[in-house]
Amino acid sequence: MKPVIYQLIPRLFSNLNDNCRPCGTIEQNGCGKFNGITASVLRSIKSLGATHVWYTGVIEHAHCPDYTAYGIARNNPCVIKGQAGSPYAITDYYDVDPDLAVNPSARMAEFEQLVKRTKSAGLGVLIDFVPNHVAREYHSDAAPEGVRDFGADDRRDVAFHPDNNFYYMPGTRFAPHDVFLGDYVEEPARASGNDCFTPSPDRNDWYETVKLNYGIDYIHGSGAHFGHVPDTWRKMLHILCYWASKKVDGFRCDMAHMVPIEFWKWAIPQVRKVNKKILFIAEIYDVNLYRSYIFDGGFDYLYDKVNLYDTLRGIQCHRVGADRITSCWQTVDGIGNHMLNFLENHDEQRYASPFYAGRADTVLPSLVVSSMLSTGPMMIYAGQELGETGTDAEGFSGYDGRTTIFDYWSVPTLRRWLAGGKPSAAGLTEPEVKLRNVYRSVLRMVNAENAISKGAFFDLMYVNFDNPRLNPHRHYAFLRHYGKETLLIAVNFSGTDSDVDINIPRHAFDHLGIAEGDYRACELLSGRKMTKAVTSELPFITHLPAYGAVVWKFVGR
């Protein structure tokens with residue numbers, strides 16, 4: 001099955017407060033809970049075509065509320081971004097965030113019940129693994145007996161030691177620019193999570209986090225120290241196995257390329273002894289590392305942000321032509337089935353925001369290409385299917401086209417769809433209902449059609465560049481094929497309806513084993529049926545609506 005991942009942040013997803021205020025506290029703005037993600041909600045997500053849910057921000061991270069009554073150390077608000085804090089500033093790898101529990105003392109039990117509900121709905125469970133950095137005030141209240149905290153046994157008088165968990169700057173005090181530290185004191189200063197080896201990171205750096213040391217000496221430039229297994233490696237393996245034992249189905253590994261590939265090569269096979277089918281997904285931004293992180297590191301899937309995502313965004317925003325998609329699949333040729341594609345996630349601006357497309361109803365060409373170009377996974381971000389614009393200025397996040405990860409907030413489109421815990425289209429606008437139906441049609445199709453979920457791919461653009469009836473700047477066409485089934489897929493990134501002629505070379509028929517001739521074909525997005533000439537002698541003729549797509553299916557005899 002081709003994975004279709006639905007990403008949601010529980011803190012935001014099930015928060016039904018319709019009167020949030022910027023920079024509001026949890027008491028003022030509320031917070032979504034695990035229990036708010038009900039069986040009916042999960043069934044609705046499943047019906048969209050999803051195969052997995054990625055629960056973002058589950059592990060306990062820095063936040064402003066006081067949970068000392070539950071045995072949880074309080075965090076200093078001066079080293080927290082926003083009231084709710086970043087889900088990637090982990091304070092306890094062995095616990096879930098108490099904000100997400102109705103009863104904080106039963107927070108792990110509530111999470112485990114969510115895992116059970118999700119699996120009962122026929123969905124896999126993915127969570128974050130954050131290996132590169134921790135919050136500045138890391139302390140585990142829930143670690144198993146004998147597990148030592150990160151940094152507890154470090155030598156703080158040296159900048160680097162292979163068994164230190166952190167990097168230090170002896171003789172300095174942590175003093176970030178434009179950040180009020182109040183009574184927070186860190187001496188000596190430690191390197192920040194975004195490889196910022198200075199005691200004075202900027203406000204835009206990851207100053208709320210501390211980089212973990214995997215045995216590479218960045219400070220003196222003496223390279224890797226892997227003569228024996230570094231202490232950070234052992235701690236992280238224990239954490240991965242702990243969560244694998246909680247029956248999660250996979251990890252989305254934050255900034256995986258900032259952790260040495262040697263660690264992944266060592267750790268992933270050992271985690272698979274606990275759960276042999278567990279998935280590892282790498283957030284990675286360097287195409288030059290793609291193959292090594294798959295074949296050496298052992299990852300199942302990689303973010304294809306800097307390749308396909310950036311290209312589709314460039315096409316939509318009229319910076320590059322649609323023909324650039326060809327170079328995208330060529331860049332990952334041979335590993336395309338390992339590429340995870342998306343149009344939105346928590347780091348990126350919403351598709352419908354004024355900072356990106358500005359309209360949700362133009363998404364079909366990008367959605368079809370990203371979900372149907374390969375057999376690799378497709379991911380959508382909660383609210384994307386409703387056209388969420390991300391135009392709130394929530395607090396620390398501000399007006400930036402993104403849905404905040406730092407603030408207590410409620411997402412308008414999701415709130416209306418959730419309808420008090422019972423998902424319904426009743427509170428949605430007509431365009432929102434139409435858009436959700438478009439997403440459902442496309443996302444369900446990717447696993448309903450074998451040609452998409454496990455078939456071969458053939459790019460048609462090389463025989464259509466000089467075609468006066470197809471504009472390579474705004475149109476893109478390709479074939480998917482499996483068994484006797486063939487799909488001809490074409491998209492239109494322009495705002496003008498187009499009647500196009502698509503040349504199919506003889507090589508495509510020979511390569512895919514397709515017989516030429518007339519076929520009774522069905523256009524799967526609209527349901528239209530008609531006889532189509534499928535031959536190398538004549539072009540394939542079809543209509544492409546403005547910002548539209550066609551998926552013509554024909555079955556060999």
Side-chain angles (χ1 to χ4, degrees), residues 9 11 56-64 72-95 97 99 127-140 149-152 154 156 159-160 164-169 172-182 184-214 216 218-219 231-232 235-236 239 251-260 263 282-285 346-347 395-397 402 404-407:
I9 299 178
R11 176 207 295 164
T56 305
V58 163
I59 299 177
E60 185 185 324
H61 56 269
H63 47 245
C64 288
I72 301 172
R74 188 160 194 187
N75 309 134
N76 190 314
C78 294
V79 282
I80 299 174
K81 288 183 176 178
Q83 286 287 323
S86 168
Y88 298 98
I90 301 298
T91 53
D92 188 347
Y93 279 110
Y94 292 96
D95 209 349
D97 202 80
D99 280 350
I127 66 168
D128 290 289
F129 173 55
V130 187
N132 178 65
H133 48 271
V134 297
R136 297 218 86 95
E137 294 183 307
Y138 182 89
H139 172 66
S140 178
D149 272 351
F150 286 93
D154 280 6
R156 303 186 179 199
F160 169 82
N164 274 2
N165 298 136
F166 301 128
Y167 296 95
Y168 295 90
M169 288 159 273
T172 68
R173 175 179 285 197
F174 180 61
H177 294 296
D178 300 322
V179 177
F180 174 70
L181 288 183
Y184 178 79
V185 177
E186 181 180 306
E187 196 169 0
R190 295 167 293 173
S192 297
N194 58 325
D195 289 357
C196 191
F197 293 89
T198 170
S200 301
D202 188 81
R203 176 180 168 84
N204 294 321
D205 287 315
W206 304 350
Y207 71 82
E208 83 279 27
T209 68
V210 185
K211 183 170 178 67
L212 287 164
N213 170 14
Y214 281 80
I216 295 182
Y218 297 100
I219 295 176
D231 184 68
T232 300
K235 284 185 166 74
M236 283 301 187
I239 290 160
F251 300 102
R252 178 269 191 188
C253 300
D254 184 69
M255 302 304 290
H257 65 286
M258 296 181 76
V259 172
F263 166 75
E283 180 189 20
I284 188 167
Y285 297 113
H346 66 279
D347 285 320
F396 188 92
S397 186
R402 297 175 178 86
T404 181
I405 65 170
F406 303 109
D407 305 283

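Listed for the D407 side chain is a donor-acceptor partner under 3.5 Å among the backbone atoms of F396. Remark: the backbone N or O of P188 is not paired with any side-chain donor or acceptor of T172 at under 3.5 angstrom.
Between F150 and F166, the ring planes are tilted. Angles from 30° to 60° get that label. Using cut-offs of 30° and 60° on the angle between ring planes, the pair H133 and W206 is tilted. Using a 30° and 60° split on the angle between ring planes, Y218 and F197 fall in the tilted class, from 30° to 60°.
A centroid separation of less than 6.0 Å is found between the aromatic rings of Y138 and Y93.
Across every non-hydrogen atom of H139 and D92, the tightest pair is O-CB, 3.9 Å. In terms of heavy atoms, A62 sits closest to A135 at CB-CB, 4.3 Å. Of all the heavy atoms in E208 and A89, the pair that sits closest is CG-CB, 3.9 Å. The nearest pair of heavy atoms linking N165 to K235 is OD1-NZ, 3.6 Å. Across all non-hydrogen atoms, the minimal contact from N132 to G193 is ND2-O, 2.8 Å. Of all non-hydrogen atoms in F174 and V79, the two that sit nearest each other are CE2-CG1, 4.2 Å.
Residues satisfying the ring-ring contact (aromatic ring centres under 6.0 Å, His included) criterion with F129, sequence neighbours excluded, are absent altogether. Residues satisfying the side-chain hydrogen bond (donor to acceptor under 3.5 Å, both in side chains) criterion with R136, sequence neighbours excluded, are E186, S192. Contacts of R74 classified as salt bridge (charged side-chain N to carboxylate O under 4.0 Å, His left out), with partners at least two apart in sequence or in another chain: D66. Every residue was checked against the side-chain hydrogen bond (donor to acceptor under 3.5 Å, both in side chains) condition with Q83, not counting sequence neighbours, and none meets it. In this structure, D154 has no salt bridge (charged side-chain N to carboxylate O under 4.0 Å, His left out) partners at least two apart in sequence or on a different chain. Partners of D128 according to the salt bridge (charged side-chain N to carboxylate O under 4.0 Å, His left out) rule, which considers only residues two or more places apart in sequence or in another chain, are R252.
Y168 OH to R156 CZ: the interatomic distance, rounded to the nearest 0.5 Å, is 4.5 Å. Rounded to the nearest 0.5 angstrom, R11 CZ and H63 NE2 are separated by 10.0 Å. To the nearest 0.5 Å, atoms CD1 (I72) and CG (D97) are separated by 8.0 Å. Here the OG1-NZ distance, from T404 to K81, works out to 11.5 Å after rounding to the nearest 0.5 Å. E137 CD to T91 OG1: the interatomic distance, rounded to the nearest 0.5 Å, is 9.5 Å.
Looking at heavy atoms from C-beta onward, Y207 lies out of side-chain contact with D202 at the 4.5 angstrom threshold. By the 4.5 Å heavy-atom criterion applied to side chains, L181 and P176 are counted as neighbours. When side chains are defined from C-beta on, P131 counts as touching Y214, because their heavy atoms get closer than 4.5 Å. Contact annotation: the side chain of T56 approaches that of Y88 to within less than 4.5 Å [non-hydrogen atoms, C-beta and beyond].
Partner V130 forms a side chain to side chain contact (heavy atoms under 4.5 Å, CB included) with one of L212, I59, D254 and no other, that one being D254.
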query = Could you go step by step and tell me if N213 and N164 meet the side chain to side chain donor-acceptor pair (under 3.5 Å) rule?
reply = CA-CA 7 Å; N213 170 14; N164 274 2; over 6 Å; no
message = Does V185 form a side chain to side chain contact (heavy atoms under 4.5 Å, CB included) with R173? I'd like the steps, not just the answer.
response = CA-CA 7 Å; V185 177; R173 175 179 285 197; 4.0 Å; yes
query = Taking it one step at a time, do Y285 and M255 satisfy side chain to side chain contact (heavy atoms under 4.5 Å, CB included)?
reply = CA-CA 8 Å; Y285 297 113; M255 302 304 290; 3.8 Å; yes
message = Pair N75, Y184 - check side chain to side chain contact (heavy atoms under 4.5 Å, CB included), show working.
response = CA-CA 10 Å; N75 309 134; Y184 178 79; over 6 Å; no
